[in-house]
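Positions are given from 1, in the same order as the sequence printed here. Keep in mind that the numbers below use all heavy atoms, side chains included, and drop hydrogens, waters and symmetry copies.
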Amino acid sequence: MSEQGGGDLPKPKIEQLMAKLRMLQQEKRQLEEEVKGAQSVHDDLQKELADFQTEANELEGIHKDKKDASSKLQLQCEDSEQDLNRQLKQNKTSEELLEHYRCEIEEVKLKHRKLRIRFENQLMQLIEQHKQLDYVFNSKRLPDELKKGEDIKHQLSSAEQVKLAQLHKLDEELEEAKKQKQFETEDAQIHE
């Protein structure tokens, strides 16, 4: 009976370790799903960034076109004094459009800057999560953890042997006490 008891103790410990390992693997899968989600957000932000850059390039092209148109208008003003007033009005309109486009470009740049800051923050969070995952699932730590497990198993086994020896000794003392009591009872009956 004592040998069977000695074989049962490490088995639950192994099952507990296996359960803990399964739990950690499940957490790893969940974290990997979160990383995939974050990667998807990152990809969406990259696409949005590319769209903003394309839009900014188009606006800069429009700006350049308008600037060229303004230059042509000024050349026409030099050729024809008769059209001077009309050319000045058109030039003023062109300048207003240029200012309007500059404002739009500044707004796009501001949006781009905000997106970049948001992306950088998300990237820092991903890096931190990756560091935490790397620490949790680092293969360099596995041998140490296994050695600790073996040491604990050995300590528990030694403690069990000591307890079993103490229990056996107590059983012997109890048997001896029963025999002594029975002997004293029989002795008392004989003297009566």
Side-chain angles (χ1 to χ4, degrees), residues 1-56 108-191:
M1 181 175 173
S2 62
E3 291 176 6
Q4 191 176 14
D8 288 344
L9 186 63
K11 190 172 183 181
K13 183 66 178 175
I14 289 171
E15 290 173 359
Q16 288 173 2
L17 290 173
M18 291 301 291
K20 187 170 184 178
L21 179 61
R22 284 191 292 272
M23 183 184 71
L24 288 173
Q25 288 172 340
Q26 184 178 1
E27 288 176 1
K28 178 183 177 187
R29 285 191 292 271
Q30 289 172 349
L31 287 171
E32 286 172 347
E33 286 299 317
E34 289 176 13
V35 168
K36 284 180 186 175
Q39 184 64 42
S40 173
V41 171
H42 170 267
D43 293 342
D44 291 344
L45 287 172
Q46 285 292 91
K47 183 180 180 301
E48 194 173 342
L49 177 62
D51 292 343
F52 280 127
Q53 288 173 336
T54 302
E55 186 178 346
V108 168
K109 284 181 180 178
L110 181 62
K111 287 179 184 177
H112 177 264
R113 193 176 301 122
K114 287 179 180 177
L115 282 172
R116 189 185 78 240
I117 290 169
R118 196 169 99 196
F119 169 74
E120 286 171 355
N121 289 337
Q122 289 177 342
L123 184 61
M124 291 303 294
Q125 289 175 353
L126 280 174
I127 289 169
E128 189 57 36
Q129 287 176 355
H130 181 267
K131 285 179 184 175
Q132 291 172 358
L133 283 173
D134 186 51
Y135 176 75
V136 171
F137 296 103
N138 192 339
S139 61
K140 293 177 183 175
R141 292 179 58 229
L142 188 59
D144 290 339
E145 293 298 323
L146 288 174
K147 185 177 183 318
K148 283 181 189 174
E150 286 297 322
D151 290 345
I152 290 169
K153 179 181 172 183
H154 180 68
Q155 289 173 359
L156 288 173
S157 179
S158 297
E160 180 187 18
Q161 293 301 320
V162 169
K163 293 295 178 187
L164 286 173
Q166 289 174 349
L167 184 61
H168 183 68
K169 184 178 177 183
L170 285 172
D171 281 341
E172 288 177 353
E173 289 175 1
L174 182 61
E175 283 298 320
E176 188 63 35
K178 283 181 183 178
K179 287 179 185 178
Q180 184 67 28
K181 187 173 182 182
Q182 185 179 4
F183 177 74
E184 288 173 1
T185 304
E186 289 173 0
D187 191 40
Q189 288 176 352
I190 292 172
H191 287 298

Open item on the list: For H42, give me all partners under ring-ring contact (aromatic ring centres under 6.0 Å, His included), at least two apart in sequence or on another chain.
Closed with: F119
Task: Partners passing side-chain hydrogen bond (donor to acceptor under 3.5 Å, both in side chains) against K179 (at least two apart in sequence or in another chain) - done: none
Task: Contact list for residues 114-127, test salt bridge (charged side-chain N to carboxylate O under 4.0 Å, His left out), sequence neighbours left out - done: R116-E120
Task: side chain to side chain contact (heavy atoms under 4.5 Å, CB included) partners of T185, counting only residues at least two apart - done: K181, Q189
Open item on the list: Between I152 and L156, is the side-chain contact (heavy atoms from CB on, under 4.5 Å) condition met? List the steps.
Closed with: CA-CA 6 Å; I152 290 169; L156 288 173; 3.9 Å; yes
Task: Heavy-atom neighbours of M18 CE exceed 12 at 6.0 Å - done: no
Task: Residues in side chain to side chain contact (heavy atoms under 4.5 Å, CB included) contact with E128, at least two apart in sequence or another chain - done: K131, Q132
Open item on the list: Within this structure, what is the CG-OG1 distance for the pair L49 and T54, rounded to the nearest 0.5 Å?
Closed with: 9.5 Å
TODO: Return each pair, listed once, that meets salt bridge (charged side-chain N to carboxylate O under 4.0 Å, His left out) where at least one residue sits in residues 44-56; pairs must be two or more places apart or across chains.
DONE: K47-D51
Open item on the list: Within this structure, what is the CD-CZ distance for the pair Q25 and R29, rounded to the nearest 0.5 Å?
Closed with: 6.5 Å
Task: Stepwise side-chain contact (heavy atoms from CB on, under 4.5 Å) check, H130 with I127 - done: CA-CA 5 Å; H130 181 267; I127 289 169; 5.5 Å; no
Task: side-chain hydrogen bond (donor to acceptor under 3.5 Å, both in side chains) against E184, all qualifying residues, sequence neighbours excluded - done: Q180
TODO: With sequence neighbours excluded, tell me which residues meet salt bridge (charged side-chain N to carboxylate O under 4.0 Å, His left out) with E33.
DONE: K36
- [ ] Only pairs at least two apart or in different chains count here, so list each side chain to side chain donor-acceptor pair (under 3.5 Å) that has a residue in residues 168-178.
- [x] H168-E172
Open item on the list: I need the L115 CG to H112 NE2 distance, nearest 0.5 Å.
Closed with: 7.5 Å
Task: Distance, nearest 0.5 Å, that separates CD of E15 from CG of L17 - done: 10.5 Å
Task: Qualifying residues under side-chain hydrogen bond (donor to acceptor under 3.5 Å, both in side chains), relative to D43, sequence neighbours excluded - done: Q39
Task: Pair E150-H154, side-chain contact (heavy atoms from CB on, under 4.5 Å): steps then yes or no - done: CA-CA 6 Å; E150 286 297 322; H154 180 68; over 6 Å; no
